[in-house]
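Comments concern the structure below.
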There are 2 protein chains.
Amino acid sequence: MKVLVIEDDPLHRAYLLEAVAAALPECETVLEAAAGGAGEALARAHPEAHVVMDLQMAPRNGIEAARTIWRERPGTRILFWSNYADEAYVRGVSRIVPDGAAYGYVLKSASDERLHLALRSIFVENQCVIDREVRGTQALSFGRKGGFSEGEYDILLDVALGLTDRSIATRRNLSLRTVQNRLQQIYEKLDLHEGNPAAEGTFNLRARAVATALLRKLLNHGALERAEAELAEWLRRQG
Amino acid sequence: MKVLVIEDDPLHRAYLLEAVAAALPECETVLEAAAGGAGEALARAHPEAHVVMDLQMAPRNGIEAARTIWRERPGTRILFWSNYADEAYVRGVSRIVPDGAAYGYVLKSASDERLHLALRSIFVENQCVIDREVRGTQALSFGRKGGFSEGEYDILLDVALGLTDRSIATRRNLSLRTVQNRLQQIYEKLDLHEGNPAAEGTFNLRARAVATALLRKLLNHGALERAEAELAEWLRRQG
DNA sequence: AGCATGTTTGCGGGTTCCCGCACCCCGACC
DNA sequence: GGTCGGGGTGCGGGAACCCGCAAACATGCT
């Protein structure tokens, strides 16, 4: 068995190497990479290696790296080991996981035993392991409780990027009025109206929506960067 | 000499404790706290202790903790040890440092020697130490190169929070037209016009400004949270 | 004083945005 | 077949926003 560790923080990387060695004695080679790009290259060179990686890395995001790895070999088992359970991360991961692939999501604040257990469950038993806290935000995200549908989330991203209603409409192949309708639903789900009683008119709803989404960690810097890259691509194609 | 270490990541905290012990043999007591609130309490109990702390902590931000510590004892020497040199962090720190106080800003990616040197310079020699990279964003922030003035930055924050032009005006005691003028300058400094050739009208400038500020790390989650808290306070006072 | 520079404010118009109302389409269920 | 609910669409009005123009106003320099 081979395991590839991708983590930019040297202390955390050392801790991970130790944890892998302790939890997986049957693992004969442990590879390490300090950045997303290097990790992708190593994964390409070792097609049978399982992966455990951080999500928050600069300059190449963990989600980007995971996406290219999974695109090249959809069966790879990946354990994400992250500091946060932000909805933006959770949603970003579940967006890119291929059908039937085993993966895990463990918080860095978890105990050593949790991490060891997750390592064995995924890489030996081929079983998905999602931390309880992460499950929480997952349920909150996809359940009825003010959860955003895929389409609504896309439009929220477009708004956060600063697109006009009209350009969102052409980009998503919708009518202008439909875009505005969805915005209405987004405002509703973000409780932009209920929160403030007499504070009517003090807020620009469009900007306020982005602010509350950021404060609730529904959006974060990584998600914005990815969306910005896609937008630039689309703009280029558009001419 | 006493040193108080405030850092939520256990691995990093252990590393810091070791570094302090190695670099400052004259330090007889090392206190440690795993959160901002606990750090403030310990600082209150040990008025002569110097502080070395992380900036990015949940739930109580490092800047918040530093502010209350400095408010209670403005002479305290604080070394900030952070992962990032985001303009939002740098600006946040220089906003709260009292006149004449010695402080330092060292990146976690710095070498052991750099950290040791900084520890001795600040706590023994009473000298400010700012990492080269951090100095870079500092110069970029306050120089002529598209740097934002204090007032412009405030308005950028208000816009990011989703306030209306009118409410910004009343909050900052300005005319509505002045607010819009400053917004114009902000759009200019953010290159919202130059960047896109024929992409006229595809962007909502107000939202686009927030997006690019976030992407350039001029704003980040912590800054937004602080601004949101201040806004809530102002709204309550307003009635 | 005289002048230059930069900031603040008012006015007006063109555009975008917010949102209520009504219509259409289509799958679901009786 | 009927009808019912949800999502997409068009129309229209009121508000907010973007921005050019010009008049005050402060400030600093000669």
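Chain A is the first sequence line, chain B the second, and so forth, proteins listed ahead of strands; every chain is numbered from 1. Note that these values count all heavy atoms, side chains included, but never hydrogens, waters or copies made by symmetry.
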In whole angstrom, what separates [X]'s [atom1] from [N]'s [atom2]?
{"X": "A/Gln180", "N": "D/dG12", "atom1": "CD", "atom2": "P", "value": "15 Å"}
{"X": "A/Leu174", "N": "D/dG10", "atom1": "CG", "atom2": "P", "value": "11 Å"}
{"X": "A/Arg177", "N": "D/dT9", "atom1": "CZ", "atom2": "C1'", "value": "9 Å"}
{"X": "B/Tyr187", "N": "D/dC18", "atom1": "OH", "atom2": "C1'", "value": "8 Å"}
{"X": "B/Asn181", "N": "D/dG20", "atom1": "CG", "atom2": "P", "value": "10 Å"}
{"X": "A/Leu205", "N": "D/dC17", "atom1": "CG", "atom2": "P", "value": "10 Å"}
{"X": "A/Glu188", "N": "C/dC19", "atom1": "CD", "atom2": "C1'", "value": "12 Å"}
{"X": "B/Leu190", "N": "D/dC18", "atom1": "CG", "atom2": "P", "value": "13 Å"}

Q. Is there a donor-acceptor pair closer than 3.5 Å between any side-chain N or O of A/Arg60 and the backbone N or O of A/Gly37?
A.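 Side chain of A/Arg60 to backbone of A/Gly37, a donor-acceptor pair under 3.5 Å: no, none is there.
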Measure the spacing between [atom1] of [X] and [atom2] of [Y] and express it to the nearest 0.5 Å.
{"X": "B/Leu107", "Y": "B/Asp131", "atom1": "CG", "atom2": "CG", "answer": "4.5 Å"}
{"X": "B/Glu40", "Y": "B/Glu72", "atom1": "CD", "atom2": "CD", "answer": "7.5 Å"}
{"X": "A/Ile130", "Y": "A/Glu133", "atom1": "CD1", "atom2": "CD", "answer": "12.0 Å"}

Q) Going through the distances and angles, do A/Leu183 and A/Ile155 end up as a side-chain contact (heavy atoms from CB on, under 4.5 Å)? A) CA-CA 8 Å; A/Leu183 275 178; A/Ile155 290 192; 4.3 Å; yes
Under 3.5 Å, N/O pairs linking protein and nucleotides 24-27 of chain C:
none

Taking only nitrogen or oxygen atoms into account, show me every contact under 3.5 Å that the protein makes with nucleotides 4-7 of chain C, one pair per line with its distance.
none

Q) Just one of A/Asp165, A/Ile168, A/Val179 clears the side-chain contact (heavy atoms from CB on, under 4.5 Å) bar with A/Leu174, so which one? A)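 Only match with A/Leu174 under side-chain contact (heavy atoms from CB on, under 4.5 Å): A/Val179.
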Q: Measure up the B/Tyr105 and B/Phe80 rings against each other and bin them: parallel (under 30°), tilted (30 to 60°), perpendicular (over 60°).
A: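 Ring orientation, 0 to 90° scale: tilted.
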Q) Taking the six-membered ring for Trp, are B/Trp70 and B/Tyr103 parallel (under 30°), tilted (30 to 60°) or perpendicular (over 60°)? A)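 Perpendicular, since the angle between the ring planes exceeds 60°.
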Q) Any side-chain N or O of B/Ser175 under 4.0 Å from OP1/OP2 of C/dT8? A)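 Indeed not, no polar side-chain atom of B/Ser175 lies that close.
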Q: Flag the pair B/Lys108 and A/Asp9 as a salt bridge only when some basic side-chain nitrogen lies within less than 4.0 angstrom of an acidic carboxylate oxygen.
A: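 Salt bridge flag = no for A/Asp9 with B/Lys108.
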Q. Charged N to carboxylate O under 4.0 angstrom, B/Glu87 versus B/Arg216?
A.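 Looking at B/Glu87 and B/Arg216, the cut-off is not met.
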**Q.** Members of residues 150-159 of chain B that approach DNA chain D, where some heavy atom sits under 4.0 Å away
**A.**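 Within this stretch, nothing sits under 4.0 Å of the strand.
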**Q.** Greater than 12 external heavy atoms within 6.0 Å of A/Arg73's CZ
**A.**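 Correct, the count exceeds 12.
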**Q.** Atom CD of B/Glu188: over 12 foreign heavy atoms under 6.0 Å
**A.**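 No, the 6.0 Å shell around CD holds no more than 12 heavy atoms from other groups.
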**Q.** Pairs involving residues 217-232 of chain A, ordered by first then second residue, that meet side-chain hydrogen bond (donor to acceptor under 3.5 Å, both in side chains) (sequence neighbours left out)
**A.**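 Applying side-chain hydrogen bond (donor to acceptor under 3.5 Å, both in side chains) to every pair that reaches into residues 217-232 of chain A, excluding sequence neighbours, yields A/Glu228-B/Arg208.
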Q.
If the condition is side-chain contact (heavy atoms from CB on, under 4.5 Å), which residues does B/Glu152 pass it with, not counting sequence neighbours?
A.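 Only B/Phe148, B/Ser149, B/Gln185, B/Ile186, B/Lys189 meet the side-chain contact (heavy atoms from CB on, under 4.5 Å) criterion with B/Glu152.
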Under 3.5 Å, N/O pairs linking protein and nucleotides 13-16 of chain D:
residue, atom, partner, partner atom, Å
D/dA16, OP2, B/Arg166, NH2, 3.4

